[in-house]
Amino acid sequence: MVRKKNSNLVRARFLTIGQTARIVGVSSSTLRLWENVGLISPARNSGKYRLYSPEVLEVLKRIKYLRDVKRLNVPGIKQELDNGHRPAKPSQVSNKTDVGPKLRQLRKGLGLGLLKAAEQASITPGFLSAIELSRANPSVATLQRLAATYNTTVLEFFDIPHHTRRLIRPQERRSLRTESGVEMELLSIGTKMLECMLFRVPPKSGSDGTYSHVGEEFIYMLKGSLEFWLDELEVHELQEGDSFWFESNLGHRWFNPSDKEAVLIWVNTPLTF
């Protein structure tokens with residue numbers, strides 16, 4: 001199913017920061033603070049204004065409850081939110097990559113300080129420090145922004161052998177896991193134009209933000225469903241068996257709205273993700 005949205009319909013589905021603040025019962029500055037510490041990641045339109053979806057609104061209400069009623073601090077709230085996600089189905093992959101040391105190495109190799117790198121990647125210095133120290137996992141959107149900041153691609157974050165491999169057994173795949181439990185398994189090593197991955201997206205999880213880059217992308221849904229937004233003007237509801245492609249320079253974000261894991265093959269070309 002494909003639904004094309006004009007700007008009026010998009011505004012009807014999404015809320016501005018002011019509207020969201022009034023509904024949740026907090027100030028706009030509090031919403032920005034919760035975003036900066038990594039509790040939420042609202043979408044942004046072409047003008048870079050924050051847009052809050054119904055899913056994010058529900059998370060915000062939960063955050064306020066945990067803060068005001070349960071009296072939890074930010075780490076406690078993060079733990080409660082993480083516990084609210086059903087864990088992804090275990091895969092056969094054992095080669096999980098710790099991106100923290102790699103990110104630190106890339107940043108220092110460019111001579112970038114923590115504050116400057118965090119600013120360019122639109123995250124807080126504290127969150128970047130936690131990622132580098134392996135105390136936090138970045139979202140897919142954050143990984144892509146960090147890759148762009150360091151003039152590389154997400155592929156660089158995988159612990160990839162230097163030699164080309166045409167055949168990769170399931171137990172030999174390299175993988176990355178994000179803060180919301182999204183798992184990306186690398187399906188190809190040594191390709192020159194294709195970046196092939198298997199994505200496992202837990203229920204109520206997604207990219208946690210919008211990102212874009214050069215190229216084209218192809219998706220084949222193996223299992224489950226995925227809601228896919230392009231430039232906040234189109235939403236595509238992908239179901240099992242569907243195939244889908246789009247231009248990578250369109251701002252894209254995605255979310256699994258169901259209560260079942262989504263599994264999909266995702267191909268980027270060229271190697272720009």
*Step-by-step side-chain contact (heavy atoms from CB on, under 4.5 Å) determination, Thr16 to Arg50*: CA-CA 6 Å; Thr16 65; Arg50 293 174 176 85; over 6 Å; no
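- Atom CG of Leu226 is separated from atom CD of Glu240 by 13.0 Å, given to the nearest 0.5 angstrom.
- For the pair Phe228/Ile219, a side-chain contact is recorded, criterion being any heavy-atom separation below 4.5 Å from C-beta on.
- Under the 4.5 Å side-chain criterion, counting only non-hydrogen atoms from C-beta, Leu198 is in contact with Leu222.
- Closest heavy-atom contact between Ala147 and Val154: CB-N, 3.7 Å.
- Nearest heavy atoms, Ile17 versus Arg32: CD1-NH1, 3.6 Å.
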_If you apply the rule side-chain contact (heavy atoms from CB on, under 4.5 Å), what do you find for Glu35 with Leu39, and how did you get there?_
CA-CA 6 Å; Glu35 179 183 352; Leu39 292 178; over 6 Å; no
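- For the pair Ser205 (side chain) and Val201 (backbone), a donor-acceptor distance under 3.5 Å is absent.
- Taking CG of Leu186 as the reference point, atom CD of Glu172 lies at 12.5 Å (rounded to 0.5 Å).
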*Check the pair Leu31, Tyr52 against side-chain contact (heavy atoms from CB on, under 4.5 Å), reporting the backbone distance first and the verdict last.*
CA-CA 10 Å; Leu31 294 182; Tyr52 295 82; 3.9 Å; yes
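- Leu128 and Ala118 get closest at one heavy-atom pair: CD2-N, 3.8 Å.
- Note on Tyr220 and Val140: separate hydrophobic clusters, where clusters join Ile, Leu, Val, Met, Phe, Trp and Tyr whose side-chain heavy atoms are under 4.5 Å apart, directly or indirectly.
- Within the model, atoms CD of Glu261 and CZ of Arg200 stand 6.0 Å from one another, a figure rounded to the nearest 0.5 Å.
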_Candidate pair Thr20 and Leu60, rule side-chain contact (heavy atoms from CB on, under 4.5 Å), full reasoning_ = CA-CA 9 Å; Thr20 304; Leu60 288 168; 3.4 Å; yes
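- Using a 4.0 Å cut-off between charged side-chain N and carboxylate O, Glu185 and Arg173 make a salt bridge.
- Of the candidates Phe246, Trp245, Phe244, Trp229, His252 forms a ring-ring contact (aromatic ring centres under 6.0 Å, His included) with just one, namely Phe246.
- Leu250 and Leu264 fall within a single hydrophobic cluster, where Ile, Leu, Val, Met, Phe, Trp and Tyr side chains are chained together by heavy-atom contacts under 4.5 Å.
- Paired with Tyr150 under the rule side chain to side chain contact (heavy atoms under 4.5 Å, CB included), one option of Gln120, Arg145, Arg107, Gln105 passes, and it is Arg107.
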